Amino acid sequence: MALLAAHGVRMHYGGPVLLDGVNVKIEPGARIGMIGRNGTGKSTLLGLLRGALEPTDGSIVVQPGTRVAHQDQELVFEPGRTVHAEMQAVFAHESAREARLRGLEAQIADTENETLRTRLLKDYEALQLEQEQAGIYDLDRRIESVLSSLGLPESAWHQPIDGFSGGERNVIGLARAMLSDPDVLLLDEPSNHLDMEGVEWFIDFVRRSRAAILMVSHNRHLLDAVCKEIWELRSAKVVPWTGNYTDFQRQKAEALVRQERQFKSQQRLIARIEFQARRLRDMAAAYDDPGQAKRAKAMLKRVDQMEKVERPDTHERTFGAAITGSGRHGRIALSIKDFHFAYGERKLIDGANLEVEYGERICLVGANGSGKSTLFHQILEHGGWDNPTLRLGKSVRVGDYRQLRDELEGGQTLEDWAINTTKKPRNEAVELLHRFLFTREDLDRSIDTLSGGEKSRLQLARLVHEEVNFLMLDEPTNHLDIQACEQLEEMLLEFQGTLLVISHDRYFLDKLVDRVVELQDGKLKDYPMRFAPWWQQKVAAGAFGRRSALRDRSGEADGKDDRREAFTDRRERQRELNRLRNRHRDLETQIAQLEKRIKELEPQLERAYEPGSDPATAAAMLAEVTDGKQTLVTLYEDWEAVASALET
């Protein structure tokens with residue numbers, strides 16, 4: 001039975017229809033990737049499935065008891081809350097149960113009523129069993145493991161979320177969704193801001209998770225690595241395809257060929273039938289034959305009643321531009337010599353050296369926070385022919401693509417931006433925008449209203465206008481859909497100049513670069529090879545070691561037995577602790593009672609030896625006092641041993 005399903009869903013916001021008659025379902029264990037051009041309604045469908053939006057028509061059905069978690073591109077959080085506190089909020093129920101366990105332990109230790117203690121112990125055992133069945137082990141360790149595995153440093157865990165960038169908040173939202181251990185996980189571009197090791201760790205998580213997962217993604221490596229089904233959102237419909245992204249590409253190409261063949265065959269059949277119908281009509285008119293006219297009408301009715309094969313849409317809207325370059329520059333494009341950079345006392349780059357020659361295609365890789373974007377910024381701000389540390393070739397014309405897009409001023413319209421940037425007449429400036437898929441209706445829009453993908457296309461339009469021979473690109477594919485990524489790849493393959501790019505998109509890098517430079521521990525390490533063999537070399541060397549502390553209920557329970565054993569051991573230690581506390585309290589009670597009895601007997605014993613007293617009574621009292629003092633010595637020894645064990 002499907003955990004989550006959409007039946008006949010139609011959705012619009014008063015304008016064009018985004019979704020029309022969508023029927024999809026998410027089964028247990030599903031691994032689904034949703035693809036489609038930016039603006040086609042992928043995030044809207046996610047919002048509908050998780051209940052944040054109401055469809056215009058149709059229904060969303062959730063199987064009773066199904067827990068759904070999501071990660072959006074925009075994180076919603078409580079102002080002032082730290083990252084760690086946001087993660088702990090996921091486990092509010094488990095934390096409350098843990099607090100109840102600690103409270104019961106205190107009550108058991110303090111109560112002297114045996115009946116009450118027995119009842120409390122029974123409640124404690126039941127709660128412990130519930131905690132064990134929930135599979136919750138060491139919440140703080142799990143939280144910290146996930147945050148570090150996704151690339152968030154420990155120094156960030158206790159900082160308010162308000163101070164983080166949009167990309168960092170995206171990672172925080174992903175961590176929150178993953179920790180919640182749901183039945184269905186809905187993700188919107190989960191890998192956008194992960195470094196390469198973070199992506200590989202996330203792939204491992206998806207493979208091992210028990211949850212059904214639907215993700216919107218343009219990361220083709222991720223879609224190939226984990227997906228068993230692809231949903232293509234196109235023309236307001238969802239078309240499901242079996243397999244991963246590579247399977248989808250092959251199947252779609254074959255389907256288009258079949259559809260083209262069927263369309264042409266049907267059109268030839270229709271042409272023959274219509275030709276025959278025209279001949280029959282002509283004959284009916286010439287010979288005044290109603291029978292022939294009736295036959296012609298029946299033939300045309302047959303054509304009308306045919307289930308028509310649509311002409312396959314093989315004409316994708318593509319960028320109508322190329323980065324032409326401004327001619328060849330000298331042999332050296334960039335020379336970095338003993339470059340240092342620090343934020344306060346923190347050394348980010350410590351004696352970096354690199355030489356880039358004309359025509360080379362280099363990727364700069366490294367963990368998030370290692371300083372890649374900082375190095376790009378320093379080159380763009382301070383690089384020049386007269387800078388011996390960051391020297392650019394004399395005839396080099398640099399074109400840059402910045403991840404933060406801070407050069408796009410928000411107050412102006414798209415048309416004004418194009419005119420001010422290109423310094424060209426309006427018609428030529430607007431034509432450049434049209435070549436990057438902006439329509440006439442877009443011209444009056446403020447840049448503030450543009451999506452991430454639209455701002456990315458705007459930056460590419462600027463690069464085409466500038467006619468550069470050295471491209472420095474920082475995560476250029478982050479906000480582009482798959483079709484746009486592929487078009488950018490074609491543009492860069494045709495580019496004749498030098499390329500230096502920061503990217504975590506393995507498909508993109510496999511296709512474009514022939515040299516890898518890694519920024520690690522403040523140094524630049526040079527690997528004169530293509531990206532794929534470099535990656536294989538790093539994996540073989542065991543360079544990637546992030547591990548998950550997430551509970552795995554998929555059957556591949558690496559480490560689960562160890563965690564269960566640790567939990568069982570902790571429970572046994574807790575039981576022993578409770579036993580010692582009870583024994584300690586019982587001994588104190590016995591000692592107090594015995595000391596009180598001896599104290600009562602000693603004056604009575606003195607009176608028992610007075611003249612006229614019964615010698616037998618005196619002897620009995622003496623024996624009781626003597627035995628009591630000997631027992632007291634034993635009790636003191638036991639009490640000391642138990643107290644020592646409790647301290648341990």
Side-chain angles (χ1 to χ4, degrees), residues 319 321-341 348-349 352-366 371-409 417-418 420-424 432 436 455-480 488-489 491-503 505 508-509 512-517 519 524 526:
F319 303 154
I323 304 175
T324 55
S326 62
R328 180 184 176 113
H329 59 67
R331 183 180 72 85
I332 299 299
L334 171 65
S335 175
I336 301 175
K337 290 186 178 179
D338 198 28
F339 177 65
H340 297 261
F341 186 84
L348 201 60
I349 302 172
N353 292 278
L354 179 68
E355 191 169 273
V356 180
E357 296 188 3
Y358 173 78
E360 286 193 298
R361 294 168 175 267
I362 301 171
C363 64
L364 179 62
V365 300
K372 304 184 298 297
S373 295
T374 298
L375 179 58
F376 260 44
H377 181 76
Q378 292 299 307
I379 294 170
L380 292 168
E381 293 296 318
H382 305 293
W385 173 249
D386 55 353
N387 186 337
T389 306
L390 298 173
R391 172 164 286 173
L392 291 169
K394 201 166 189 178
S395 54
V396 165
R397 285 177 57 91
V398 177
D400 68 287
Y401 178 109
R402 306 195 188 196
Q403 188 178 173
L404 297 179
R405 302 183 295 274
D406 49 8
E407 81 286 359
L408 298 178
E409 296 179 12
W417 178 90
N420 295 335
T421 299
T422 64
K423 310 300 182 189
K424 291 182 177 294
L432 178 63
F436 279 87
K455 288 181 178 178
S456 296
R457 298 207 309 269
L458 212 54
Q459 288 204 84
L460 295 177
R462 176 176 54 77
L463 290 178
V464 167
H465 156 72
E466 288 177 347
E467 297 184 347
V468 297
N469 52 25
F470 181 22
L471 284 174
M472 294 179 63
L473 311 179
D474 189 355
E475 298 288 5
T477 64
N478 254 12
H479 296 280
L480 297 177
L488 174 60
E489 288 163 2
M491 290 171 65
L492 294 177
L493 284 171
E494 295 174 3
F495 175 62
Q496 297 299 311
T498 307
L499 176 65
L500 180 60
V501 59
I502 297 171
S503 179
D505 187 332
F508 181 79
L509 297 177
L512 288 171
V513 306
D514 49 30
R515 181 179 169 193
V516 179
V517 175
L519 181 52
L524 291 173
D526 196 2

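Quick caveat, the model's predicted, so the values are computed rather than measured.
Checking side-chain atoms of Asn387 against main-chain N and O of His382 turns up a donor-acceptor pair under 3.5 Å. Arg457 places a side-chain N or O within donor-acceptor distance of the main-chain N or O of Phe436, the cut-off being under 3.5 Å.
For the pair Ile336/Leu524, a side-chain contact is recorded, criterion being any heavy-atom separation below 4.5 Å from C-beta on. The closest side-chain heavy-atom distance from His377 to Arg402 is below 4.5 Å. Residues Val365 and Val517 fail the side-chain proximity criterion, which asks for heavy atoms closer than 4.5 Å. Taking 4.5 Å as the limit, every side-chain heavy atom of Leu334 sits out of range of all side-chain heavy atoms of Glu357. Looking only at side-chain heavy atoms (C-beta outward), Asp400 and Phe376 stay at 4.5 Å or farther from each other. At least one side-chain heavy atom of Phe508 sits under 4.5 Å from a side-chain heavy atom of Leu492. Between Leu432 and His465, some side-chain heavy-atom pair lies under the 4.5 Å cut-off. Contact annotation: the side chain of Glu494 never approaches that of Ile323 to less than 4.5 Å [non-hydrogen atoms, C-beta and beyond].
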> After noting the C-alpha distance and the side-chain angles of Leu375 and Leu364, does the key distance pass the side-chain contact (heavy atoms from CB on, under 4.5 Å) rule?
Replying inline: CA-CA 10 Å; Leu375 179 58; Leu364 179 62; 4.1 Å; yes
> Can you list the steps and then say if Asp505 with Leu509 is a side-chain contact (heavy atoms from CB on, under 4.5 Å)?
Replying inline: CA-CA 6 Å; Asp505 187 332; Leu509 297 177; 5.6 Å; no
> For His329 and Thr498, what are the C-alpha separation, side-chain angles and deciding distance, and is it a side chain to side chain donor-acceptor pair (under 3.5 Å)?
Replying inline: CA-CA 9 Å; His329 59 67; Thr498 307; 2.9 Å; yes
> Yes or no on side-chain contact (heavy atoms from CB on, under 4.5 Å) for Leu380 and Val398, after CA distance, side-chain angles and deciding distance?
Replying inline: CA-CA 8 Å; Leu380 292 168; Val398 177; 3.6 Å; yes
>> Let's go through Lys372 and Asp474 carefully: what are the C-alpha distance in whole Å and the side-chain angles of both, what is the deciding distance for salt bridge (Lys or Arg N to Asp or Glu O under 4.0 Å) to 0.1 Å, and is it a yes or a no?
In response: CA-CA 9 Å; Lys372 304 184 298 297; Asp474 189 355; over 6 Å; no
> Hey, mind stepping through Arg328 and Gln496 against side-chain contact (heavy atoms from CB on, under 4.5 Å) and telling me if it holds?
Replying inline: CA-CA 8 Å; Arg328 180 184 176 113; Gln496 297 299 311; over 6 Å; no
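What you find for Arg397 and Asn469 is that their closest heavy atoms are N-OD1, 2.7 Å. Pairing each heavy atom of Val468 with each of Phe495, the nearest pair is O-CE1, 3.5 Å. Between Arg515 and Leu354, the shortest heavy-atom distance links the atoms NH2-CD1, 3.4 Å. In plain terms, the two heavy atoms of Pro476 and Leu488 that are nearest each other are CB-CD2, 3.9 Å. Closest heavy-atom contact between Thr477 and Ser503: OG1-OG, 4.3 Å.
Atoms CG and CZ, from Asp386 and Arg391 in turn, are 8.0 Å apart once rounded to the nearest 0.5 Å. Expressed to the nearest 0.5 Å, how far CZ of Phe470 lies from OG of Ser395 amounts to 12.0 Å. Going from atom NZ of Lys337 over to atom CG of Asn353 covers 9.0 Å, rounded to the nearest 0.5 Å. For the atom pair CG (Leu471) and CG (Leu500), the distance works out to 10.0 Å, reported to the nearest 0.5 Å. With values rounded to the nearest 0.5 angstrom, Leu390 atom CG is found 5.0 Å from Phe339 atom CZ. In this structure, Glu475 CD and Ser456 OG are separated by 11.0 Å, a value rounded to the nearest 0.5 Å.
In this structure, Glu355 places its CD atom where more than 12 heavy-atom neighbours from other residues, nucleotides or ligands lie under 6.0 Å away.
A salt bridge does not link Glu360 to Arg331: none of the charged side-chain nitrogens sits closer than 4.0 Å to a carboxylate oxygen.
With sequence neighbours excluded, the residues that form a side-chain hydrogen bond (donor to acceptor under 3.5 Å, both in side chains) with Glu466 are Arg462.
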